Undergrad: 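Once you've had a glance at the structure underneath, I'll fire off some questions.
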Amino acid sequence: MAFGDFAPEWWPFSAGTTVVVGILTAYFIAYKLSSRKIDPREPPVITPIIPLFGHVLSMALLGGKYIKNLGLHNRNLPIFTLPVPASRIYIVADPSLAAAVQRASKVLSFTPIIPEVTERVLGLDKATMEITRKNLDPAPGEERGFLADIQDMVYAWLGPGDYLSELSLDAAREMRDEIAAYAASTGSSTKEPTDLLNWVRHLVTVSTAKYLYGPENPIALDPKLEGAFWDFDHGLGSLLMNILPSITASKAYYGREKLSVALLEYLEKGRHKTGGSKIIQKRVDIALEHGWTLPGIAREELSFLFAGIVNATTSTFWILTQIYADPELLGAVRGEISSILVKQQRESGDGYLLRIADLKDECPVLAAVYRECLRLGSDTYSTRLVKEDTLLAGRYFLKKNAVVQIAGGVIHADRSIWGDDVDTFNYKRFLDRREDGEGEQKKKAIHPAAFRAFGGGKTLCPGRHFAMNEILAFVALVVLQFDMEPARGDRIEVPRKNDGVLPVHILEPVSPVQVRISKRADGFARDGLDVEFAM
Ligand code: HEM
Ligand SMILES: *[C@@H]1O[C@H](CO)[C@@H](O)[C@H](O)[C@H]1NC(C)=O
């Protein structure tokens, strides 16, 4: 039956035209609704081309890059509104507004989001989720829930102090031993092409599992779990979507399940008590006090192992790639590290003492390379839920239940903050003073909230001090002992970062870096580097 059969006689248009006009009208209305402000003080609205669903679809298809590009194309907007079905996402692209978001932590809070994320990513059961949701954001004097207790402990223990030193030394020694084992396993002449990211991944994964969970950790007992770990990592975005994860994110799902079974066995056998680090033992105790079961704790520990491994790995990869791609930089870094080594007499012959604090304080080029790699590699979003209608910085209306995201990727790529060479690797921007042809110039002060790699405010990474200690120690050990040549061509090329994914960690390269690693003929590696660490 054709449309014409129903059309009233006065209707002047053909069926086809009617359909087109109908669609256009519907589109126009939907577009207008999408571009409407809820309140005149709401940040400028960026209307999606496909009304309502456009932004969500584009995010799903293009990953973190989509919002980053929106931000970069609208550099004049410090904050803007993305309408999404039944809600809004506010994107903050300016450091001083980012700082305002961080200060308003009572009404703009990350905590309510944590249970939603962990339930999906870790596959926690209903009973555990009930415990997690209790007393999430306690006011002073109120009863403290599980999350508040465990965060207090982790932030305190990983903050500057004795335990941070202890754990950093454990980590450095473990890495030293893993690297020594690698050096011993390769003859002096074998120079197989090696994927640098995989190489770093293996060393960091194995040593992190050991210094956190002890020699009888699941990955040490079953090396196949290393692959399961990275499967889990690479499917995190899909697990977060949570649409039949065992099918749509099957590798990540089964990786996670294998690891949680192994971690459960680890806990049941009490291996954390005999070999685990103190911070792991304390985490398990806190969870037990709050009524968690061992299967739940096993999953929760997977998240801590994850936090300890993924970002440290990918940052270390970028740092090594940048250093070895530039012989002059390699020379400068080697010079700095060599100069802080203290020679020591040992029974076994000469050895060296390396103070980790000196790597941070006495090696300015190394520390600047570290920061610059984090700036370039991190497109992180700091996410907050709007708990009640709010006027941000006294100006911008934010609607209750909407989401605020501080777009690290936009801020890290902002010329007005970092200068015209924002897209290139230039560690000198992080040196206190820089040579500028004309002589030394004081560098322009950078807003403290502009460096986003560790997030900011209440969700600032508690592992940031530890991460810097262990990463610099790892880089120092490698730089002192090994040379790297490209597997093909005559110089190591630094690939672009892959920003087409949901940025759940420091971005990976679009293509692998293939190198030939060899022990240095001169210097410290000749007879194996005998190094002891101190803080
Ligand atoms: C270069 C390395 C690292 C980077 C760039 C990094 C970055 C971050 C960021 C951006 C967040 C906050 C996420 C948010 O705002 O939602 C975070 C959270 C966290 N990080 Fe790190 N991190 C690194 C290394 C580490 C290490 C080595 C550890 C542990 C040993 C660690 C432990 C944690 C934990 C436990 C949290 C969650 C804090 C909470 O409960 O809210 N991180 N990290
Ligand atoms: C890792 O770093 C990225 C980028 O800075 C951040 O978005 C993410 O939350 C971090 N994840 C963990 C587990 O530390």
Side-chain angles (χ1 to χ4, degrees), residues 64 98 101-102 105 108-115 117-118 121-122 132 136-137 146-159 163-164 167-168 170-171 175 200 204-205 207-209 211-213 232-233 236-237 240 277 279-280 283 286 300-319 370-371 373-385 403-409 411-412 449 451-475 497 499 501-508:
V101 169
Q102 288 167 189
S105 65
L108 306 178
S109 174
F110 181 61
T111 3
I113 301 173
I114 299 178
V117 172
T118 48
V121 169
L122 300 176
T132 315
L136 263 180
D137 251 342
F146 164 76
L147 269 176
D149 269 356
I150 203 144
Q151 283 179 338
D152 284 354
M153 185 278 287
V154 169
Y155 277 85
W157 287 34
L158 292 182
Y163 188 69
L164 174 64
L167 193 67
S168 302
D170 283 351
M175 290 174 162
V200 173
V204 174
T205 308
S207 46
T208 306
Y211 68 71
L212 284 179
Y213 294 90
F232 168 62
D233 171 52
L236 220 60
L240 209 53
S277 59
I279 192 167
I280 298 303
R283 286 175 57 86
I286 292 177
E300 178 74 2
E301 282 316 300
L302 180 54
S303 76
F304 196 68
L305 184 64
F306 177 82
I309 292 177
V310 286
N311 278 328
T313 300
T314 320
S315 331
T316 305
F317 157 80
W318 286 114
I319 297 168
Y370 173 82
R371 295 200 169 87
C373 285
L374 287 178
R375 177 188 73 87
L376 277 175
S378 163
D379 279 5
T380 181
Y381 290 94
S382 305
T383 306
R384 302 289 190 269
L385 185 73
V403 167
V404 179
Q405 292 202 303
I406 303 171
I411 296 177
H412 283 166
F451 183 80
R452 309 272 346 146
F454 291 109
K458 268 194 120 177
T459 61
L460 184 61
C461 171
R464 65 198 184 283
H465 307 288
F466 174 76
M468 188 167 186
N469 289 347
E470 73 163 348
I471 291 171
L472 296 192
F474 186 98
V475 170
K497 59 184 176 181
D499 57 4
V501 296
L502 207 67
V504 293
H505 52 54
I506 298 288
L507 297 171
E508 295 180 356

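Atoms within a ligand are numbered from 1 in the order they appear, just like the ligands themselves. Quick note: residue numbers are just sequence positions, from 1. Here the structure is a predicted model, which is why all the values come from computation and not from measurement.
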Undergrad: Looking at ligand 1, is there an atom of it that comes within less than 4.0 Å of some heavy atom belonging to Ile471?
TA: yes
Undergrad: Specify the protein heavy atom at minimum distance from atom 2 (C) of ligand 1: its residue, its atom name, and the distance to 0.1 Å.
TA: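 It is Asn311 CB, 3.5 Å.
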Undergrad: How close does the nearest protein non-hydrogen atom get to atom 4 (C) of ligand 1, and which residue and atom is it?
TA: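 Its nearest protein heavy-atom neighbour is Phe454 CE2, 3.4 Å.
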Undergrad: On a heavy-atom basis, I'd like to know which of Gly457, Ala307, Ser303 is closest to atom 32 (C) of ligand 1.
TA: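 Considering heavy atoms of Gly457, Ala307, Ser303, the nearest to atom 32 (C) of ligand 1 sits in Ala307.
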Undergrad: Taking only heavy atoms of Glu470 into account, list the atoms of ligand 1 that are under 4.0 Å away from them.
TA: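 Those atoms are 27 (C).
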Undergrad: Considering heavy atoms of the protein only, find what lies nearest to atom 36 (C) of ligand 1 and give residue, atom and distance to 0.1 Å.
TA: Pro462 CD, 3.6 Å
Undergrad: Heavy atom of Ala453 under 4.0 Å from ligand 2?
TA: yes
Undergrad: For ligand 2, which is the ligand I care about here, please tell me if His505 has any N or O atom under 3.5 Å from one of the ligand's N or O atoms.
TA: no
Undergrad: Identify the protein heavy atom lying closest to atom 24 (C) of ligand 1, giving its residue, its atom name and the separation to 0.1 Å.
TA: Ala467 CB, 3.8 Å
Undergrad: Could you check if a side-chain atom of Leu167 sits within less than 4.5 angstrom of a side-chain atom of Ser277, using non-hydrogen atoms only?
TA: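 Yes; the side chains approach each other to less than 4.5 Å.
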Undergrad: Please report which non-hydrogen protein atom sits nearest to atom 13 (C) of ligand 2, along with the residue it belongs to and the distance in Å to one decimal place.
TA: Ala307 CA, 3.7 Å
Undergrad: Keeping Thr118 on the side-chain end and Pro115 on the backbone end, is there a donor-acceptor pair under 3.5 Å?
TA: yes
Undergrad: Is the backbone of Ile506 close enough, under 3.5 Å, to the side chain of Asn311 for a donor and an acceptor to pair up by distance?
TA: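 Yes: the side chain of Asn311 pairs with the backbone of Ile506.
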Undergrad: Counting heavy atoms only, which of Ala453, Cys461, Ser378, Gly408 comes nearest to atom 10 (C) of ligand 1?
TA: Ala453
Undergrad: Provide, to 0.1 Å, the distance between atom 8 (C) of ligand 2 and the closest protein heavy atom, together with that atom's residue and name.
TA: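 Protein heavy atom with the smallest distance to atom 8 (C) of ligand 2: Val504 O, 3.3 Å.
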Undergrad: Starting from atom 30 (C) of ligand 1, locate the nearest protein heavy atom and write down its residue, its atom name and how far away it is, to 0.1 Å.
TA: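 Sorting protein heavy atoms by distance from atom 30 (C) of ligand 1 puts Phe466 CD2, 3.8 Å first.
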Undergrad: Starting at CD1 of Ile406, measure out to OG1 of Thr459 and round the result to the nearest 0.5 Å.
TA: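 One finds 7.5 Å between CD1 of Ile406 and OG1 of Thr459.
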Undergrad: Indicate yes or no: does an N/O atom of Thr380 lie under 3.5 Å from an N/O atom of ligand 2?
TA: yes
Undergrad: State whether the side chain of His412 and the backbone N or O of Arg375 hold a donor-acceptor pair below 3.5 Å, judged by distance alone.
TA: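 Indeed, once roles are kept as given, a pair shorter than 3.5 Å links the two residues.
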Undergrad: Tell me the protein heavy atom at minimum distance from atom 39 (C) of ligand 1, and give that distance in Å.
TA: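 For atom 39 (C) of ligand 1, the nearest protein heavy atom is Gln151 NE2, 3.5 Å.
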Undergrad: Starting from atom 1 (C) of ligand 1, which protein heavy atom do you reach first, and at what distance in Å?
TA: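 The answer is Ser315 OG, 3.2 Å.
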Undergrad: Assess the side chains of Thr111 and Ser109: does a donor N or O sit below 3.5 Å from an acceptor N or O?
TA: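 Thr111 vs Ser109: donor-acceptor pair found between side chains.
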Undergrad: Between Tyr163 and Ala156 (side chain of the first, backbone of the second, donor and acceptor by atom type, cut-off under 3.5 Å), is there such a pair?
TA: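 No; judged by distance alone, with no hydrogens or angles, the pair does not exist.
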Undergrad: Residue-level breakdown please: for Arg452 versus ligand 1, do any non-hydrogen atoms fall below 4.0 Å on the side chain, on the backbone, on both, or on neither?
TA: neither
Undergrad: Are Trp318 and Leu374 close enough that some pair of their side-chain heavy atoms sits under 4.5 Å apart?
TA: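 In short, these two side chains do not touch, never coming nearer than 4.5 Å.
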Undergrad: How long is the span from the CD1 atom in Ile280 to the OH atom in Tyr213, to the nearest 0.5 Å?
TA: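 Between atom CD1 of Ile280 and atom OH of Tyr213 there are 3.5 Å.
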Undergrad: What I want to know is whether Tyr381 and ligand 1 share at least one N or O pair that is separated by under 3.5 angstrom.
TA: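 No, no N or O pair falls under 3.5 Å.
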Undergrad: Checking a contact table here: which protein heavy atom is nearest atom 29 (C) of ligand 1, and how many Å away?
TA: Gly308 CA, 3.9 Å
Undergrad: Within the 4.0 Å heavy-atom shell around Ser378, which atoms of ligand 2 are there?
TA: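 By the 4.0 Å cutoff, the relevant atoms are 4 (C), 5 (O).
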Undergrad: How far does CD1 of Ile319 sit from CZ of Phe474, to the nearest 0.5 angstrom?
TA: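 Spacing of CD1 (Ile319) from CZ (Phe474) equals 10.5 Å.
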Undergrad: Between the side chains of Ser382 and Arg452, does any donor sit under 3.5 Å from an acceptor?
TA: yes
Undergrad: Would you check whether His505 reaches within less than 4.0 Å of ligand 1, judged by its heavy atoms?
TA: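 No.
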Undergrad: I need the Phe110 CZ to Lys458 NZ distance, nearest 0.5 Å.
TA: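 It is 12.0 Å, given to the nearest 0.5 Å.
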Undergrad: Hey, is ligand 1 close enough to Thr459 that some N/O pair sits below 3.5 Å?
TA: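 The answer is yes, given that Thr459 and ligand 1 share an N or O pair closer than 3.5 Å.
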Undergrad: Check ligand 2 against Asn311 and write out every atom of the ligand that is under 4.0 Å from a heavy-atom position of the residue.
TA: 1 (C), 2 (O), 3 (C), 8 (C), 10 (C), 11 (N), 12 (C), 14 (O)
Undergrad: Exactly one of Tyr155, Phe454, Trp157 should register a side-chain contact (heavy atoms from CB on, under 4.5 Å) with Pro462. Which one does?
TA: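 In the set Tyr155, Phe454, Trp157, the residue that makes a side-chain contact (heavy atoms from CB on, under 4.5 Å) with Pro462 is Tyr155.
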Undergrad: Would you kindly check if the NZ (Lys) or CZ (Arg) of Arg371 is within the cone defined by 45 degrees around the ring axis of Phe451 and under 6.0 Å from the six-membered ring centre?
TA: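 Not satisfied by the 6.0 Å and 45° rule.
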